[in-house]
Chemist: 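Dropping a structure here in structure tokens format, bear with me for questions.
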Amino acid sequence: MAIVKNLSRTLSQLLQSPSCGCQTSLVPVRCIGVSPRQVTSDANFHSVSFSETDHPRVLITGGLGQLGVGLAKLLRKRFGKNNVILSDIRKPPDHVFYNGPFIYSDILDYKNLREIVVNNRITWLFHYSALLSAVGEANVPLARAVNITGLHNVLDIAAEHSLRLFVPSTIGAFGPTSPRNPTPDLCIQRPRTIYGVSKVHAELMGEYYHYRYGLDFRCLRYPGIISADSQPGGGTTDYAVQIFHNAIKNGKFQCNLKSDTHLPMMYIDDCLKATLDVMEVPAASLSMRTYNISAMSFSPEELVQEVKKHIPELQVTYNVDAVRQAIADSWPMNFDDSNARRDWGWKHDFDLSELVTTMFNILGSDSRVAHIN
């Protein structure tokens with residue numbers, strides 16, 4: 001019994017007094033200034049917390065946005081339905097809730113997010129929670145909280161648990177002083193929106209965590225994404241989605257950008273394919289951690305002419321929104337994505353004609369079914 005008491009006393013002294021004689025202080029588990037794990041000079045940044053023969057366990061934040069549901073569908077086909085968890089702070093519609101795991105997740109609640117990662121043994125995290133450009137300008141404090149504070153929570157948890165982390169960036173990460181046609185991967189970035197500023201912050205913080213802590217951070221700068229599966233969500237490029245809904249509904253469309261405003265665009269299937277491709281590629285193939293990707297560049301007038309091949313009677317007017325136009329004028333007209341094509345074989349499948357035909361095939365079919373019902 002005396003031996004046990006002596007051991008207990010000795011252990012207590014060791015815990016209270018470090019051998020170096022330094023005064024200790026209590027440090028919380030979450031600490032931005034202290035590395036969750038030390039990185040050696042020969043560290044391999046290809047984080048693999050699961051066997052190469054096993055599927056990753058995936059969490060998607062902000063999953064009810066434009067891209068999350070489509071990405072979950074793609075990943076579930078690839079890795080199995082129960083290996084991909086969709087999350088958001090909103091109530092999911094039935095077709096989402098019954099098609100695979102869905103949980104409530106608030107990225108501003110660090111403890112909640114950490115519990116989800118631990119309890120579900122997450123190995124890949126796709127961080128889609130963000131306020132987009134026009135919406136962010138209307139509520140800067142909320143955009144700052146979601147886009148920046150939320151990102152910090154995700155970075156800390158990903159580094160602590162050796163996750164492979166994907167954070168999307170955007171054409172909005174560039175500004176009026178950036179080269180616009182084409183815009184390379186590496187150039188001056190001085191965005192004029194809180195959305196763009198937060199995305200530059202995400203790119204730099206992700207790269208910092210990669211080099212400082214060994215976080216396997218991967219990022220793609222998305223162009224404007226066009227999808228038939230979701231309604232426009234407040235982005236500057238959303239006119240390119242709205243035009244299809246209006247054309248089918250009433251044959252009239254009012255555009256809030258000038259007719260000759262060129263912006264890089266992409267169909268959602270290409271976007272999701274690129275996202276999965278960059279997450280699966282070996283780390284040794286990546287010469288950088290943030291890449292441009294693109295498929296096409298067009299103006300509202302060029303899109304209108306293509307749409308009129310399907311609906312010749314479409315009536316189009318222009319009522320330019322000064323805020324959105326100023327944002328668009330500060331963004332790239334065309335992306336140089338040659339590094340992505342060289343490093344990991346990026347290749348798009350949809351050009352403008354195929355995009356428009358596909359959108360009408362999907363939305364037109366949905367419209368006919370709704371009319372019958």
Side-chain angles (χ1 to χ4, degrees), residues 64-74 93 95-96 128 132-135 168 170-172 222-275 293-321 324-325 327-328 331 333-335 348-373:
L64 296 183
Q66 183 184 22
L67 298 173
V69 174
L71 181 64
K73 184 177 179 181
L74 177 66
H95 75 274
V96 172
Y128 278 110
L132 301 182
S133 53
V135 175
T170 168
I171 53 176
Y222 290 156
I225 304 302
I226 300 175
S227 167
D229 295 329
S230 60
Q231 293 291 328
T236 301
T237 60
D238 279 352
Y239 83 87
V241 176
Q242 190 67 55
I243 187 173
F244 294 99
H245 292 278
N246 288 21
I248 292 173
K249 183 178 180 181
N250 56 27
K252 298 179 181 180
F253 173 64
Q254 185 178 85
C255 183
N256 52 30
L257 294 181
K258 294 178 182 178
S259 63
D260 61 349
T261 305
H262 280 81
L263 291 169
M265 300 283 189
M266 178 180 290
Y267 184 57
I268 188 170
D269 285 13
D270 277 338
C271 174
L272 298 179
K273 182 183 76 168
T275 302
I293 55 168
S294 188
M296 66 195 87
S297 176
F298 58 75
S299 66
E301 178 59 28
E302 290 169 341
L303 178 59
V304 167
Q305 293 306 315
E306 197 65 38
V307 169
K308 282 187 174 181
K309 293 179 181 178
H310 298 261
I311 304 182
E313 65 276 15
L314 175 67
Q315 300 176 26
V316 178
T317 57
Y318 291 89
N319 183 19
V320 177
D321 182 291
R324 293 183 190 231
Q325 187 63 51
I327 292 172
W331 283 358
M333 298 171 64
N334 191 25
F335 260 161
H348 68 277
D349 293 326
F350 290 82
D351 60 16
L352 178 56
S353 175
E354 291 168 324
L355 181 153
V356 171
T357 299
T358 302
M359 288 289 287
F360 276 121
N361 286 342
I362 297 173
L363 292 177
S365 175
D366 290 346
S367 178
R368 286 190 293 272
V369 170
H371 179 73
I372 292 171
N373 289 339

Chemist: I need the minimum non-hydrogen distance between Ile171 and Thr237, along with the two atoms involved.
Modeler: CD1-CG2, 4.1 Å
Chemist: With a 4.5 Å cut-off on side-chain heavy atoms, are Asn256 and Val320 touching?
Modeler: no
Chemist: Within the 4.5 Å heavy-atom criterion, are Val304 and Tyr318 side-chain neighbours or not?
Modeler: yes
Chemist: For Ser294 and Pro264, indicate whether the former's side chain and the latter's backbone hold a donor-acceptor pair under 3.5 Å.
Modeler: no
Chemist: To the nearest 0.5 Å, what is the distance between CZ (Phe350) and CD1 (Ile268)?
Modeler: 10.5 Å
Chemist: Show your working on side chain to side chain contact (heavy atoms under 4.5 Å, CB included) between Glu302 and His262 and close with a plain yes or no.
Modeler: CA-CA 9 Å; Glu302 290 169 341; His262 280 81; 3.3 Å; yes
Chemist: Hey, does the side chain of Asp270 reach the backbone of Met266 with a donor-acceptor pair shorter than 3.5 angstrom?
Modeler: no
Chemist: Considering only heavy atoms from C-beta outward, does the side chain of Phe253 approach that of Thr317 to under 4.5 Å?
Modeler: no
Chemist: Using side chain to side chain contact (heavy atoms under 4.5 Å, CB included), reason through Asp349 and Asp269 one step at a time and then give a plain yes or no.
Modeler: CA-CA 8 Å; Asp349 293 326; Asp269 285 13; over 6 Å; no
Chemist: Over all heavy atoms of both residues, which pair between Lys258 and Pro300 is shortest? Give the atoms and the distance, please.
Modeler: O-CG, 3.3 Å
Chemist: What distance separates Ser227 OG from Ile362 CD1, expressed to the nearest 0.5 Å?
Modeler: 7.5 Å
Chemist: Evaluate Leu355 against Thr357 for side chain to side chain contact (heavy atoms under 4.5 Å, CB included), listing each step before the verdict.
Modeler: CA-CA 6 Å; Leu355 181 153; Thr357 299; over 6 Å; no
Chemist: Please report the closest heavy-atom contact between Ser133 and Trp331, naming both atoms and the distance.
Modeler: OG-CH2, 3.9 Å
Chemist: For Leu363 and Ala228, work out which heavy atoms get closest and say how close.
Modeler: CD2-O, 3.6 Å
Chemist: Kindly write out the residues that satisfy ring pair (Phe, Tyr, Trp, His ring centres under 6.0 Å) with Tyr222, not counting sequence neighbours, or none if the list is empty.
Modeler: none
Chemist: With a 6.0 Å cut-off (strictly less than), is the heavy-atom count around NZ of Lys73, excluding the residue itself, greater than 12?
Modeler: no
Chemist: How long is the gap from CZ on Phe298 to CG on Leu303, to the nearest 0.5 Å?
Modeler: 5.0 Å
Chemist: Working to the nearest 0.5 Å, report the span between OG of Ser297 and CZ of Phe335.
Modeler: 10.5 Å
Chemist: Looking at Thr236 and Leu257, what are the two nearest heavy atoms and their distance?
Modeler: O-CD1, 3.8 Å
Chemist: Can you give me the closest heavy-atom contact between Glu301 and Gln305, atom names plus distance?
Modeler: OE2-NE2, 2.6 Å
Chemist: Any side-chain heavy atom of Leu263 within less than 4.5 Å of one from Met333?
Modeler: no
Chemist: So Val69 and Asp229, side chain to side chain contact (heavy atoms under 4.5 Å, CB included) or not? Walk me through it.
Modeler: CA-CA 9 Å; Val69 174; Asp229 295 329; over 6 Å; no
Chemist: Let me have the donor-acceptor pairs involving side chains of residues 239-252, under 3.5 Å, with sequence neighbours excluded, atom names and distances please.
Modeler:
| residue | atom | partner | partner atom | Å |
| --- | --- | --- | --- | --- |
| Gln242 | NE2 | Asn246 | OD1 | 2.7 |
| Asn250 | OD1 | Lys252 | N | 2.9 |

Chemist: If you measure from OG1 on Thr275 to CG on Leu74, what distance do you get to the nearest 0.5 Å?
Modeler: 9.0 Å
Chemist: Contact between Cys255 and Asn319 at the side-chain level, heavy atoms closer than 4.5 Å - yes or no?
Modeler: no
Chemist: Looking just at side-chain N and O atoms, do Ser299 and Thr261 make a donor-acceptor pair shorter than 3.5 Å?
Modeler: no
Chemist: With rounding to the nearest 0.5 angstrom, report the OG to CE distance, Ser353 to Met296.
Modeler: 10.0 Å
Chemist: Between Glu354 and Asp351 (side chain of the first, backbone of the second, donor and acceptor by atom type, cut-off under 3.5 Å), is there such a pair?
Modeler: yes
